Novice: 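Let me give you the structure first, and then I'll get to my questions.
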Amino acid sequence: MTQQLDHDTDLHDAAVARAADSGANATAQFQAKQKAAVAVSKERVSEVATAALTALHEVIRDKQVSYEEYDALKAWMIAVGQDGEWPLFLDVWVEHVVEEVANADREGSKGSIEGPYYVPDAPALPARATLPQRDDEAGTPLRFQGQVRAVDGTPLGGALVELWHADDAGYYSQFAPGIPEWNLRGSITADEEGRFWIDTVQPAPYQIPTDGSCGRLIDAAGWSAWRPAHLHLKVSAPGHQLITTQLYFEGGEYVANDIASAVKPELVLAPTPRADGQGDEVTYDFVLDPA
């Protein structure tokens, strides 16, 4: 891709995200989060597992799956685990439906998938802030600003806006080598009117890691492995539901062909040039439902 080819070659080589390393990091992050998971009743496990297995049985019958194809599936599933790519597989091909169900009744802002690259406890920043970045951070400067409000329009002062995204080469800190730990990650506390102004750089589209088992599935099926450029956000305030979402860029590559099926029209941004000539700016307000 153009952005990656134009990026400094040495920096690009140092930041290559291998599937095994990225998968191991994503698995470790998920396992740490899962320690606090709520227990699920046996009845609920039976209900969902039975429905899932029944659906799979019907696919096998409908598509007349052969033993050779079944054995290939088993070998591939074993390899997904060995590569540490189950978080990647589930987040890319399954999570968007779980998110759709979970947020179906929201009145406020639209949600989207979290993805495998969230890391909690990013550096705390004030309402006017610049995300941590390298001195020579590549990419078009972007001022992302807005306000957090309740569904009745009340400003939510002190709301927390967690923001993280890939760099101009499509890589995430803590999931690719050679990038500072908290690069392009921050936890911003909005002002008393719920407003925030965050300076960062526009991220690039990126391929999910393709040298592992997920990549082999993509290659075998002839699918695109690309995600459009996007910002990840978690926005929360006391007494209100946290919203996890992603924001995309109008006219960007892969917005209409996202491998993760996570793009929604309401989540597409249209940046405009800043008056001072220092890159682009965009305004996006978040509306939170009551808890």
Side-chain angles (χ1 to χ4, degrees), residues 15 17 21-37 87-88 91 95 99 109 111-139 141-148 156-191 194-204 206 227 229-238 240-249 260 262 267 269 282 284-286 288:
D21 297 332
S22 182
N25 288 349
T27 298
Q29 289 292 338
F30 175 77
Q31 288 173 330
K33 180 177 72 172
Q34 185 65 10
K35 291 177 182 177
L88 178 63
D91 291 349
E95 187 186 354
E99 185 278 322
S109 295
S112 189
I113 63 175
E114 178 180 304
Y117 301 135
Y118 171 66
V119 181
D121 303 320
L125 300 170
R128 293 181 182 271
T130 298
L131 285 190
Q133 55 190 262
R134 293 161 285 198
D135 291 340
D136 59 348
E137 195 70 46
L142 175 70
R143 175 162 292 168
F144 177 62
Q145 58 198 10
Q147 184 182 32
V148 185
L156 296 176
L160 183 65
V161 180
E162 295 182 76
L163 173 62
W164 72 102
H165 61 82
D167 64 12
D168 186 59
Y171 296 120
Y172 287 83
S173 59
Q174 302 193 39
F175 292 89
I179 303 176
E181 182 179 19
W182 294 108
N183 205 62
L184 302 177
R185 297 177 181 270
S187 297
I188 298 90
T189 299
D191 69 10
R195 299 187 184 279
F196 58 86
W197 301 261
I198 307 166
D199 287 328
T200 183
V201 296
Q202 292 193 33
Y206 61 85
R227 295 224 60 215
H230 55 277
L231 306 174
H232 292 266
L233 294 119
K234 286 180 177 287
V235 183
S236 59
H240 294 78
Q241 296 181 43
L242 176 148
I243 187 72
T244 299
T245 195
Q246 297 183 11
L247 298 176
Y248 306 88
F249 296 89
L267 303 179
L269 304 172
V282 67
Y284 191 90
D285 295 340
F286 295 95
L288 303 187

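All figures in this text were calculated on a predicted structure; none of them were measured in a lab.
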Novice: Side-chain contact, heavy-atom cut-off 4.5 Å: Tyr284 with Leu233?
Specialist: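 Answer no - side chains too far apart.
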Novice: Less than 4.5 Å apart, any side-chain heavy atom of Phe144 and any of Leu247?
Specialist: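 Contact flag for Phe144/Leu247 side chains = yes.
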Novice: Once side-chain contact (heavy atoms from CB on, under 4.5 Å) is applied, do any residues pair with Asp199, and if so which ones, sequence neighbours excluded?
Specialist: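 For Asp199, the residues satisfying side-chain contact (heavy atoms from CB on, under 4.5 Å) (neighbours in sequence not counted) are Thr130, Arg143, Arg274.
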Novice: Please report the shortest heavy-atom distance between Ala122 and Ser187, naming the atom on each side.
Specialist: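 Closest pair (atom of Ala122, atom of Ser187, distance): O-OG, 3.4 Å.
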Novice: What is the minimum heavy-atom distance between Gly186 and Leu125, and which atoms define it?
Specialist: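 That closest heavy-atom pairing would be CA-CD1, 4.0 Å.
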Novice: Just how far is it from atom OH of Tyr118 to atom CD of Glu162, taken to the nearest 0.5 Å?
Specialist: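 These two atoms lie 3.5 Å from each other.
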Novice: What residues, two or more places apart in sequence or in another chain, satisfy ring pair (Phe, Tyr, Trp, His ring centres under 6.0 Å) together with Phe249?
Specialist: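 Phe249 satisfies ring pair (Phe, Tyr, Trp, His ring centres under 6.0 Å) with no residue once adjacent residues are dropped.
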Novice: Test of understanding: with ring pair (Phe, Tyr, Trp, His ring centres under 6.0 Å), list the residues that count as partners of Tyr248, not counting sequence neighbours.
Specialist: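 Expected list: His230.
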Novice: Starting from the C-alpha separation in whole Å, work towards a yes-or-no answer on side-chain contact (heavy atoms from CB on, under 4.5 Å) for Glu99 and Thr244.
Specialist: CA-CA 9 Å; Glu99 185 278 322; Thr244 299; over 6 Å; no
Novice: Quick check: closest heavy atoms across Trp182 and Asp121, and the distance to 0.1 Å?
Specialist: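 Minimum heavy-atom separation between Trp182 and Asp121: CH2-O, 3.5 Å.
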Novice: Determine whether Leu184 and Tyr171 satisfy the following criterion, side-chain contact (heavy atoms from CB on, under 4.5 Å), listing intermediate values before the conclusion.
Specialist: CA-CA 10 Å; Leu184 302 177; Tyr171 296 120; over 6 Å; no
Novice: Nearest heavy-atom pair of Val201 and Ala138: which atoms, and what distance?
Specialist: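 In terms of heavy atoms, the two residues are closest at CG2-O, 3.8 Å.
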Novice: Please enumerate all residues that pass side-chain contact (heavy atoms from CB on, under 4.5 Å) together with Pro126, with sequence neighbours excluded.
Specialist: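 Only Ala129 meet the side-chain contact (heavy atoms from CB on, under 4.5 Å) criterion with Pro126.
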Novice: Please find the pair of heavy atoms, one from Ala262 and one from Ser112, that lie closest to each other, and give the distance.
Specialist: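 Looks like O-OG, 3.1 Å.
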Novice: Under 3.5 Å, is there a donor-acceptor pair linking the side chains of Gln133 and Asp167?
Specialist: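 Looking only at side-chain atoms, Asp167 and Gln133 do not form any donor-acceptor pair under 3.5 Å.
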Novice: Would you say the side-chain atoms of Gln246 pair up with the backbone N or O of Ile113, donor to acceptor, closer than 3.5 Å?
Specialist: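 Pair found, side chain donor or acceptor close to backbone of Ile113.
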Novice: Could you list the residues that satisfy side-chain contact (heavy atoms from CB on, under 4.5 Å) with Asp285, not counting sequence neighbours?
Specialist: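 For Asp285, the residues satisfying side-chain contact (heavy atoms from CB on, under 4.5 Å) (neighbours in sequence not counted) are Gln147, Arg149, Thr283.
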Novice: Which heavy atom of Asp91 sits nearest a heavy atom of Gly115, and at what distance?
Specialist: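 Minimum heavy-atom separation between Asp91 and Gly115: OD2-C, 3.2 Å.
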Novice: Any chance you could measure Trp164, atom CH2, to Leu131, atom CG, to the nearest 0.5 Å?
Specialist: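 One finds 12.0 Å between CH2 of Trp164 and CG of Leu131.
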Novice: What distance separates Tyr206 OH from Tyr117 OH, expressed to the nearest 0.5 Å?
Specialist: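 That separation rounds to 6.0 Å.
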Novice: I would like to know whether Thr189 and Leu160 meet side-chain contact (heavy atoms from CB on, under 4.5 Å); could you show each step before the answer?
Specialist: CA-CA 5 Å; Thr189 299; Leu160 183 65; 4.1 Å; yes
Novice: In Å and rounded to the nearest 0.5 Å, what is the CD to CG distance from Glu137 to Asp168?
Specialist: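 It is 8.0 Å, given to the nearest 0.5 Å.
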Novice: For a 4.5 angstrom cut-off between non-hydrogen side-chain atoms, does Ile179 reach Arg134?
Specialist: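 Answer yes - side chains close enough.
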Novice: Side chains of Tyr172 and His232: closer than 4.5 Å at any heavy-atom pair?
Specialist: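 Tyr172 vs His232: side chains touch.
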Novice: Taking only residues two or more places apart in sequence, or in another chain, which ones meet Glu95 in a salt bridge (Lys or Arg N to Asp or Glu O under 4.0 Å)?
Specialist: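 Checked Glu95 against salt bridge (Lys or Arg N to Asp or Glu O under 4.0 Å); zero matches.
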Novice: Would you check, one step at a time, whether the test side-chain contact (heavy atoms from CB on, under 4.5 Å) holds for Thr245 with Leu267?
Specialist: CA-CA 8 Å; Thr245 195; Leu267 303 179; 3.5 Å; yes
